[in-house]
Amino acid sequence: MDVPCRLLDVCRGEGIILLPDPIQSLDHKLHSQLGEGARILVTSATGEQREALPPYTTHLTTAICFAVPQPPTITKQSVKDYIVDPRDNIFIECEAKGNPVPTFSWTRNGKFFNVAKDPKVSMRRRSGTLVIDFHGGGRPDDYEGEYQCFARNDFGTALSNKIHLQVSRSPLWPKEKVDVIEVDEGAPLSLQCNPPPGLPPPVIFWMSSSMEPIHQDKRVSQGQNGDLYFSNVMLQDAQTDYSCNARFHFTHTIQQKNPFTLKVKTKKPHNETSLRNHTDMYSARGVTETTPSFMYPYGTSSSQMVLRGVDLLLECIASGVPAPDIMWYKKGGELPAGKTKLENFNKALRISNVSEEDSGEYFCLASNKMGSIRHTISVRVKAAPYWLDEPQNLILAPGEDGRLVCRANGNPKPSIQWLVNGEPIEGAPPNPSREVAGDTIVFRDTQIGSSAVYQCNASNEHGYLLANAFVSVLDVPPRILAPRNQLIKVIQYNRTRLDCPFFGSPIPTLRWFKNGQGNMLDGGNYKAHENGSLEMSMARKEDQGIYTCVATNILGKVEAQVRLEVKDPTRIVRGPEDQVVKRGSMPRLHCRVKHDPTLKLTVTWLKDDAPLYIGNRMKKEDDGLTIYGVAEKDQGDYTCVASTELDKDSAKAYLTVLGKAVPPVHSVLHLYCKRPDRPRDLELSDLAERSVKLTWIPGDDNNSPITDYIVQFEEDRFQPGTWHNHSRYPGNVNSAVLSLSPYVNYQFRVIAVNDVGSSLPSTPSERYQTSGARPEINPTGVQGAGTQKNNMEITWTPLNATQAYGPNLRYIVRWRRRDPRGSWYNETVKAPRHVVWNTPIYVPYEIKVQAENDFGRAPEPETYIGYSGEDLPSSPRYLRIRQPNLESINLEWDHPEHPNGVLTGYSLRYQAFNGSKTGRTLVETFSPNQTRFTVQRTDPISRYRFFLRARTQVGDGEAIVEESPALLNEASTWLPPPTTELTPAATTATTTTTATPTTETPPPTEIPTTEIPTTITTTTTTAASTVASTTTTAERAAAATTKQELATNGSSIWDIRAWANSNWANITWSHNYSAGTDFVVKYITSNKTEKSIPVKAQTPSSVQLANLTPGMVYKLWVFPIWSSPSEHSYITFTTSSAYTKNHVDIATQGWFIGLMCAIALLVLILLIVCFIKRSRGGKYPVRDNKDEHLNPEDKNVEDGSFDYSDEDNKPLPNSQTSLDGTIKQQESDDSLVDYGEGGEGQFNEDGSFIGQYTVKKDKEETEGNESSEATSPVNAIYSLA
């Protein structure tokens, strides 16, 4: 089908065809006949337009074609940072639209790029996309640079972004020789990767030379820089080598670095069995445990800058034995919710889509059982420019005003530069209708010929934004873009819309009229939209007619007509029914349909929701379906579907065929008694303002008399489509007078009921609209209750559709404090809820809620009492403790001074303690009226600590803490209890505890049970249970033991205690922080050595400090892990001196000294007797080899001989030799050589020594001083002799 010449003359080259949607039929040759410059736009029913692409389908008679000039608009372009594969051709995209069709040009590195001069470069047809072809050779690197596209036509020039073209690179790894790395077991190690700088950067991963991935955990992991970090090296790390691999994206290649080889020096040989059986791997290997230290980043603090909108990655890698755990915190707040993710075994913290609110100080805490260390990272968020208001295209008529707005934000603040047609606006030809004011261009009294394309460039040091927006000055009279005479068909009571798309410059105004009447249609059942559509919420028979839309501007007026026809709905008045039939019988399924006679009706049947094949055994008739010779295969669901071009209706029934399968009992019963048929032919009569008469024809009762009729109604304003029961009538009537409510669009249906069940609902009646009135009742169920401590939420049961009585139903809410002199406040709302803010805690309010519609207000409402929000209660006024005997403790308390709500009860936590030992915590709950309780003691010695809290619906309030009095016979190891929490009456508390070397101290004899006075001073003397000769003083600063040392949330730590030995100390404390709070114990010696230990949440709170220095004074702080210690909230303690024991020194006892003297005297006498006997001579067996040295280990028991030598000079078994491998021969004081003067001694025949016992004088003079020992007792004896 050819396009008429008249249409071609207007549209060829630069035309726009606007067509209605949906498109119906059009020859595919249309686009080729119109020419390349033509555009085909499809206008939808909502007025929205889209561009159509071939093949086209519509009637040419419905097409409207006219020429509209349009400046260029960039529709597609490459990304700013464009990285290309050197193996492929290069495509730099740039496409634009406009009328006339734009032409394209390019610049490269700021200079004109002549595409025609380079045979490798071409431009796509009807596009500005550059194609650089390397099939004939060439280097892609020669075309790197910065490109920008320009699209021009007669009305302006549009610019693309500056496209930075780079060619991907995969450089080789530099050759290097990797030496064997030697490292001690337990020491930290980092293997550096240093990959070549590829474009884009490569992906790094570590493998062995056999291409096995390196197992990573919290001890061994890869950093973000590609290096491999070992928190501590173990012997098994030397079982493989380590190679860094780089994978490059574009070339899909992997380059491997020369592998590292580890040599681990260990103190103990490798023994798998011992390692498996040992509970501590490090001690089994002889590795010294160390505190954590950071491998990356270095030092205690660092900073990092990140751009807004990208992901922030913070990393902390620490060494230590054992491998430390990493935890992340943000100073002064929580980590950003929903944006954070822990990676790399908690060593990396990723925050996605960073914003300015994410700036601040983050710190990572590395800890193991030896200690902890912290690193703080200061994060600064900068921002490349981002749009606040991006300039939009502007279409103006001659003489109209307008403006282009370009607002952007960033950090630092971006600068705004305007360009017109690609040139700075400062150098553009002057335009009297244009005024530049910073980020805004204002146009006043524009004229034809002022069309142009404006560019806004917002830039800072981190990037730029470029936006094109054209200003097109058009002078077009109104045009209707839809067919002149449309026909719209709609089903009665359905929603519908009449469309009248229009165009013009200036923008026309559009009005709708019906049947030529002068009143404009807008309001009530009609709603006119800005796009030209007229919407009807409910189409009625009286709405049929001819509607006219009129579009008007200063250049003229145009109109079009739409004819509306309202059709009756399609309804199945008698549908198929469930049947149970015998095989071979002839069942009939009914389907009688009522429809609009002007519409074509189509009736189809489905079986089991699939189209039914009508064969020879079935006959389809106008009002049903007959099956001849029914068989088992015919059993199933049958659905009758009646449809027209506008609507459809369906009804379903189940057919049971008796044959091999036995039907259910209830199906057999239905052969005789079944549910009644639905009533039919409903009719409304006697129409009155508040009543109507409904008449119906009963259906068949199916052998069970009808007992009742249920009348239901549906309204289309509040709950359209929902049916409500209206009334119930006896089964012997077929009409009823129904009472109605004002302003309800009623529709009725009837259901018949017999002993078997209820029928299907009847076909609905026609609708009947009652007139409106003011409401007669007010909402019920009015309540006022707080959802937070500073608000009160007022709720009520809203009026339903039959109670609203008129349009625009709303509620007037009034409230005031329960005080006759108080002022009423009011607010009008539509929802059944209103929240009053900034209320005091739990005070009564008077509340009224009154209904109102457009006809007036309901009667004066009742007054209800509500209460504002509750809060946590204060502590009970007092807690008195009495001990009538050793078996029980009586508690008595008073209600809180400020309950802050309805008390729901009390909770009591108590715990027995005896010195440093504590029992398990017991919990009791009480009713709000109970103020007394008796505790049965488990033993007569232990004391008890009680924590009593009042409770409201919000939760438990502040605790009052008391302890049972000490008994007179309490053990001498009694320790002072923790300082009691201050009651509201207390303002200052100071506690001093001194430990003295006494062995027994009586406990306090009186514990007050009344309220704590304003100032409290307590001094307690405590027995030192570990050191008898050392005095330990635990001095506590006031801020550490009083309630004034509060956190921002009111929580505190108190009663910090230290029990110290020479090299360790037990630390305990009390607190009221929330469960699960972790703490840090920090201590400093007098020589300024500082350590911190993290303590996991536990009950009771305690930790043991090990490896302390004896006799050293320590300062100690305890604070939550997310906080920092206060300058004054510390205690001091002193460790005892080394080697002190808690017992009497036995060396100072008289009986021990006497015993030692007696033993010494006896030994001396025995020595004297022994040496006197030996001085008289004796027989000594002579060895065969006289020159052989005597072996000290040689024992000749059989012949009774022995080596005569001083036992003190014998080397110990397994003793080490000297450096030259010999043992220095020491000469005994009674050596025969000395007495015999070398070889001059003589022996008789039996080996007896016959020489004199003489000692050389010169030998004594020269060798007497060689020994560091005292003079030999033998010599001393001979001197005396």
Parallel, tilted or perpendicular for Tyr1073 and His1071, by the 30°/60° rule? tilted
Rounded distance (nearest 0.5 Å) linking atom NZ of Lys1091 with atom CE of Met370: 6.5 Å
Which pair of heavy atoms, one from Leu313 and one from Glu343, lies closest together, and at what distance? CD1-OE1, 4.0 Å
Working to the nearest 0.5 angstrom, can you tell me the gap between Trp206 CH2 and Ser221 OG? 12.0 Å
Just verifying a value: how many Å separate Thr1132 OG1 and Tyr1114 OH, rounded to the nearest 0.5 Å? 13.0 Å
Residue pair Ser355 / Glu357, side-chain donor-acceptor N/O under 3.5 Å: yes
Indicate the atoms forming the closest heavy-atom contact of Leu191 with Phe230, along with that distance. CD1-CE1, 3.9 Å
Could you go through the side chain to side chain contact (heavy atoms under 4.5 Å, CB included) check for Tyr329 and Leu349 one step at a time? CA-CA 10 Å; Tyr329 304 91; Leu349 173 67; over 6 Å; no
Can you tell me how far CZ of Phe248 sits from OG of Ser168, rounded to the nearest 0.5 angstrom? 8.5 Å
Side chain to side chain donor-acceptor pair (under 3.5 Å) between Glu146 and Asn109, intermediate numbers included: CA-CA 5 Å; Glu146 189 175 70; Asn109 298 328; over 6 Å; no
Between the side chains of Ser190 and Asp227, is a donor N or O closer than 3.5 angstrom to an acceptor N or O? no
To the nearest 0.5 Å, tell me how far Thr240 OG1 sits from Glu212 CD. 8.5 Å
Separation between OH of Tyr229 and CG of Leu189, rounded to the nearest 0.5 Å: 11.0 Å
Would Asp358 and Lys339 count as a side chain to side chain contact (heavy atoms under 4.5 Å, CB included) if you check the C-alpha gap in whole Å, the side-chain angles of each, and the deciding distance to 0.1 Å? CA-CA 10 Å; Asp358 299 324; Lys339 300 171 58 176; 2.7 Å; yes
Run the side chain to side chain donor-acceptor pair (under 3.5 Å) test on Ser1136 and Ser1062 for me, step by step, so that the C-alpha distance in whole Å, both residues' side-chain angles and the decisive distance to 0.1 Å come before the verdict. CA-CA 4 Å; Ser1136 59; Ser1062 59; 4.5 Å; no
Does Asn1107 CG have over 12 foreign heavy atoms under 6.0 Å away? no
Are more than 12 heavy atoms from other residues, nucleotides or ligands located less than 6.0 Å from atom NZ of Lys331? no
Checking Ser160 side chain against Cys149 main chain: does a donor-acceptor pair fall under 3.5 Å? yes
Step-by-step side chain to side chain contact (heavy atoms under 4.5 Å, CB included) determination, Ser78 to Tyr147: CA-CA 10 Å; Ser78 296; Tyr147 292 80; over 6 Å; no
Got a salt bridge between Asp118 and Arg108, using NZ or NE/NH1/NH2 to carboxylate O under 4.0 Å? no
Go through the steps to decide whether Leu1116 and Leu1105 satisfy the test side chain to side chain contact (heavy atoms under 4.5 Å, CB included), and finish with yes or no. CA-CA 11 Å; Leu1116 182 138; Leu1105 309 182; 3.7 Å; yes
Tyr464 six-ring centre to Lys80 NZ/CZ under 6.0 Å and within 45° of normal: yes
